[in-house]
Peer 1: 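So that we are looking at the same thing, I have put the structure below in structure tokens.
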Amino acid sequence: MTSISKHYSSLLKLYSETRYLVEVKKLHGLILKTLHYSNTLLFNNLITSYSKSNLPSYAYRVFLQIPCRNLFSWNAVLSSSAKSGHLSEMYNIFNSMPERDCISWNSVISGYASHGFPEKAVDTYKLMLRDGCSMQNRITFSTMLIISSAIVSFTLGIQVHCQGIKHGLGSHVFVGSPLVGMYSKAGLAYEAWLAFQEVKEKNLVLHNTMVMSFLRCGMIEESKRLFAGMRERDSISWTTMITGLTRNGCELEAIGLFNKMRYAGMNMDQYTFGSVLTACGALAVLDQGKQIHAFIIRTLFDDNVFVGSALVDMYSKCKSIRLAESIFKRMKVKNLVTWTAMLVGYGQNECYEEAIRSFLQMQRHGIEPDDFTIGSAISSCANIASLEEGAQLHCRTIVLGLNSFITVSNALVTLYGYAQIGKAKETIELFESMMANSVKPDGVTFIGVLSACSRAAMVEEGYYYFNSMINDHQIVPVADHYTCMIDLLSRAGRLKEAEDFIKKMPCRLDAIGWATLLSSCRVHGNIEMAKWAAESLIELDPQNPASYLLLLNMHATNKNWEEVAQIRKAMRDKGVRKEPGCSWIKYNNKVHIFAADDQSHPDSEKIYAELEMLGLKMEKEGYRPNTSSVLHDVSESEKRFMLGHHSEKLAIAFGLIFLPNKFPIRVFKNLRVCIDCHIATKYISKITGREILVRDAVRFHKFNDGLCSCGDFW
DNA sequence: GTAGGGTTAG
């Protein structure tokens with residue numbers, strides 16, 4: 001009899017470890033038949049087996065079948081409910097126990113802690129101190145120290161450490177390791193080091209903890225030295241180095257270590273792969289990433305949700321959004337991070353509609369967003385000026401209680417700042433309500449606020465917020481803020497002030513800033529300053545055709561054909577080529593691309609007919625072609641003909657024909673929209689009553705009822 | 001036999 005039960009015990013252990021569920025159940029049946037309810041040990045083993053196999057209800061049923069329960073039986077079923085997160089069941093079992101030992105208490109504490117109730121874990125610990133102080137052991141201390149660092153409570157951490165010292169376990173590794181971790185998570189590298197040295201019998205785990213702690217605190221050299229001097233290293237030691245180096249911006253070294261591991265044939269897991277893929281993404285090294293991906297497929301780890309998410313992220317950052325998408329679609333298990341990686345990836349690759357769509361899909365799959373995810377989704381709305389969808393997400397953030405996170409606030413300020421000229425007031429209100437709710441603004445917040453001021457020509461307010469950012473919030477302005485200020489001043493026609501501002505700036509104005517100034521020089525007809533801006537722009541970025549074209553455009557407007565010819569020559573000499581202009585529109589999951597005068601589209605005839613008809617209606621409304629943006633010295637009628645078939649007009653006409661009435665028409669263009677197309681689109685939006693959005697290389701224009709959100713400035 | 005220390009992603 002004893003030998004049979006020993007045999008059964010070891011079989012149970014084996015089956016549950018190899019997740020051989022069917023066999024566990026068969027044994028269960030056999031035990032019930034043959035052993036006549038007499039062997040408590042075997043029943044206890046069964047509980048553990050079911051618990052390990054993630055079947056807490058089976059474990060509980062076995063517990064009920066035991067005629068003669070002992071403390072082990074209770075502890076086994078208690079731990080089963082604690083591990084599986086059935087916390088009220090756990091609580092009931094714990095309360096019904098005839099006696100409790102240290103293991104019982106520890107189970108409940110870790111049950112609460114690992115299922116999102118650290119406060120309850122702490123309460124239980126306090127009860128444990130009162131009811132059975134002598135019971136605490138090294139596992140209690142280690143669990144409690146981990147909780148202390150998770151809820152960032154030093155008071156608790158130190159109390160627990162003192163208790164550990166009282167029990168003669170103050171310098172035990174089980175206490176020392178989490179203590180080191182706790183200090184380093186709080187950024188206290190020296191205290192972590194002291195706790196490390198305090199431990200007499202140091203082991204591998206403690207060393208790994210210390211290496212990680214150095215890396216967490218940015219002490220790269222120290223971590224390398226400790227790692228190099230370690231007597232033994234396991235795959236966690238190596239992975240720790242890879243993770244930490246990547247976090248500290250030493251991605252190349254991290255990839256180097258990974259390759260060493262690989263050639264040494266070491267064990268690797270999801271942590272290793274996840275970290276090294278992050279490194280590849282940060283460096284945008286697609287080839288390296290693909291090689292590692294191929295290797296991961298051979299290890300069968302590509303099924304893992306962590307690794308899959310890291311792959312999606314890596315491919316997105318390498319600008320291979322379709323590869324990222326195919327990984328994402330094939331993943332069987334997706335969590336919040338997976339979805340977010342995909343959503344952010346779409347945004348990084350300028351697929352804003354897809355980003356928004358995947359956000360909605362994610363919610364339909366029952367996954368609740370956090371501040372990071374919903375912030376990214378709102379940014380995507382901002383990027384295509386989709387104010388309505390953005391505003392709906394704004395409501396969601398309020399319902400979910402996420403609206404006070406800085407990620408969300410910034411996205412909202414951007415949304416209302418960029419979306420529409422009339423929304424400046426809302427942006428400022430939003431900003432002020434952030435202040436009232438003591439949400440701390442950062443540099444990004446002010447970019448949104450300053451853009452809003454600039455769009456609404458609120459120059460004084462812009463000055464006020466710029467100064468307040470520096471003086472009240474101690475934020476050092478960067479190039480983007482200066483660009484906003486230049487935008488603000490030059491839009492309002494205060495070119496002299498803009499010039500003074502540029503001369504007083506501590507850093508150089510960036511290319512976007514110069515381009516902004518150049519644009520407003522064009523609008524306000526200040527050719528002298530335009531030259532200054534254009535020359536600075538060309539100096540900054542001699543190969544960018546945009547700078548030449550802006551100046552060329554201006555001279556063409558003033559009919560300085562000689563200057564135009566000179567600029568063209570300069571471009572030829574320097575090998576700068578104008579990127580051919582094209583516009584595209586998405587319809588039925590397909591992208592329809594148009595070039596100027598393009599007749600290659602299958603529906604070309606319909607499109608040209610539509611334009612013809614629109615042209616007649618527009619002229620009736622008062623539209624006259626603005627030929628100033630034709631940069632060639634040709635006859636007026638030729639100019640008119642060239643203008644009429646610009647790529648954005650073709651794309652808009654396509655949208656008018658094919659997109660359902662209630663949908664806004666979203667057109668994208670690789671270059672800037674020309675003046676004539678801008679005027680024409682305003683008329684089209686008025687005649688057709690459609691909302692038309694044109695996202696050009698620099699900003700977007702939202703046309704509605706004859707007006708454009710850019711306020712005719714771009 | 002039951003609780004159990006170290007490394008992950010957006």
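Naming convention: chains lettered A, B, ... in sequence-line order (proteins, then strands); numbering from 1 in each chain.
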Peer 1: My understanding is that only residues two or more places apart in sequence, or in another chain, count here; which of them pass ring-ring contact (aromatic ring centres under 6.0 Å, His included) with Tyr91(A)?
Peer 2: none

Peer 1: Using the side-chain heavy atoms of Lys317(A), tell me which of these nucleotides is nearest: dT7(B), dG10(B), dG4(B).
Peer 2: dG10(B)

Peer 1: Would you say the side-chain atoms of Tyr315(A) and His293(A) include a donor-acceptor pair closer than 3.5 Å?
Peer 2: yes

Peer 1: Among dG5(B), dT7(B), dG4(B), which nucleotide sits nearest the side chain of Asn203(A)?
Peer 2: dG5(B)

Peer 1: Suppose we call a contact any N or O donor and acceptor under 3.5 Å apart; does that hold for the side chain of Ser142(A) and the base of dG5(B)?
Peer 2: no

Peer 1: What nucleotide among dG5(B), dT7(B), dA9(B) has an atom nearest to a side-chain atom of Thr240(A)?
Peer 2: dT7(B)

Peer 1: When you measure from the side-chain N and O atoms of Arg216(A) to the phosphate of dT7(B), is any distance below 4.0 Å, counting only OP1 and OP2?
Peer 2: yes

Peer 1: Using both pair distances under 3.5 Å as the test, note the stems of at least 3 consecutive Watson-Crick or G-U pairs that include DNA chain B.
Peer 2: none

Peer 1: dT2(B), dG5(B), dG4(B): which one has an atom nearest the side-chain heavy atoms of Ile139(A)?
Peer 2: dG4(B)

Peer 1: So does Asn335(A) reach the base of dA9(B) with its side chain, donor to acceptor, closer than 3.5 Å?
Peer 2: yes

Peer 1: Check this for me: does any side-chain nitrogen of one of Glu23(A) and Lys26(A) sit under 4.0 Å from a carboxylate oxygen of the other?
Peer 2: yes

Peer 1: Apply side-chain contact (heavy atoms from CB on, under 4.5 Å) to Leu87(A) and His115(A), showing your working.
Peer 2: CA-CA 8 Å; Leu87(A) 298 182; His115(A) 290 94; 4.0 Å; yes

Peer 1: Between dA3(B), dT7(B), dG10(B), which one does the side chain of Asn106(A) approach most closely?
Peer 2: dA3(B)

Peer 1: Please state how far atom CD1 in Ile146(A) lies from atom P in dT7(B), giving the value in whole angstrom units.
Peer 2: 8 Å

Peer 1: Please state how far atom CG in Leu206(A) lies from atom P in dG4(B), giving the value in whole angstrom units.
Peer 2: 20 Å

Peer 1: Give one of base, sugar-phosphate or nothing for Asn304(A), where a contact means two heavy atoms less than 4.0 Å apart.
Peer 2: nothing

Peer 1: Thr209(A) near the nucleic acid: base, sugar-phosphate alone, or nothing, with a heavy-atom cut-off under 4.0 Å?
Peer 2: sugar-phosphate

Peer 1: Identify whether NZ of Lys or CZ of Arg in Lys120(A) sits under 6.0 Å from the centre of the six-membered ring of Phe117(A) and within 45° of that ring's axis.
Peer 2: yes

Peer 1: Working note: Arg357(A) + Glu389(A), criterion salt bridge (Lys or Arg N to Asp or Glu O under 4.0 Å); need CA distance, chi angles, decisive distance, verdict.
Peer 2: CA-CA 11 Å; Arg357(A) 203 182 313 145; Glu389(A) 275 170 304; over 6 Å; no

Peer 1: Under 4.0 Å, heavy atoms only, any strand: does Ser309(A) hit a base, just the sugar-phosphate, or nothing?
Peer 2: base

Peer 1: Taking OP1 and OP2 of dT2(B), is either one under 4.0 Å from a side-chain nitrogen or oxygen of Ser104(A)?
Peer 2: no

Peer 1: If the cut-off is 4.0 Å, is Ser79(A) near the phosphate of dT2(B), judged by side-chain N/O to OP1 or OP2?
Peer 2: no

Peer 1: Can you tell me which nucleotide in dA3(B), dT7(B), dG10(B) comes closest to the side chain of Leu336(A)?
Peer 2: dG10(B)

Peer 1: Starting at atom CD of Gln348(A), determine the distance to atom C1' of dG10(B), rounded to an integer number of angstrom.
Peer 2: 9 Å

Peer 1: Taking only the side-chain heavy atoms of Thr278(A) (C-beta and beyond), determine which of dA9(B), dA3(B), dG5(B) contains the nearest atom.
Peer 2: dA9(B)

Peer 1: Can you confirm if the NZ or CZ of Arg298(A) lies within 45° of the ring axis of Phe295(A) and under 6.0 Å from the centre of its six-membered ring?
Peer 2: no

Peer 1: Return the value, rounded to whole Å, for the distance between atom CD1 of Ile242(A) and atom P of dT7(B).
Peer 2: 16 Å

Peer 1: Please pick, from dA3(B), dG10(B), dT7(B), the nucleotide with the shortest atom-to-atom distance to any side-chain atom of Val344(A).
Peer 2: dG10(B)

Peer 1: Please give, in whole Å, the distance from dG10(B) P to Ile374(A) CD1?
Peer 2: 20 Å

Peer 1: Under 4.0 angstrom, heavy atoms only, what part of the nucleic acid is Thr373(A) near: base, sugar-phosphate, or nothing?
Peer 2: base

Peer 1: Looking across every strand, which nucleic acid part, if any, lies under 4.0 Å from Asp370(A) by heavy atom: base, sugar-phosphate, or nothing?
Peer 2: base

Peer 1: How would you label the contact of Ser275(A) with the nucleic acid (heavy atoms, under 4.0 Å): base, sugar-phosphate, or nothing?
Peer 2: nothing

Peer 1: Just how far, in rounded Å, is C1' of dT7(B) from CE of Met266(A)?
Peer 2: 13 Å

Peer 1: Starting at atom CG of Leu179(A), determine the distance to atom P of dG4(B), rounded to an integer number of angstrom.
Peer 2: 20 Å

Peer 1: Mind checking the CZ-OG spacing from Arg216(A) to Ser223(A)? Nearest 0.5 Å is all I need.
Peer 2: 12.5 Å

Peer 1: In a check of side chain to side chain contact (heavy atoms under 4.5 Å, CB included) between Tyr50(A) and each of Thr48(A), Asn54(A), Leu46(A), which one passes?
Peer 2: Leu46(A)

Peer 1: Under 4.0 Å, counting only non-hydrogen atoms across every strand here, what does Asp371(A) touch: a base, just sugar-phosphate, or nothing?
Peer 2: nothing

Peer 1: Without decimals, in angstroms, what is the distance between Ile378(A) CD1 and dG10(B) C1'?
Peer 2: 16 Å

Peer 1: Hey, is Tyr271(A) doing a stacking thing with dT7(B), by the 5.5 Å centroid and 30° angle criteria?
Peer 2: yes

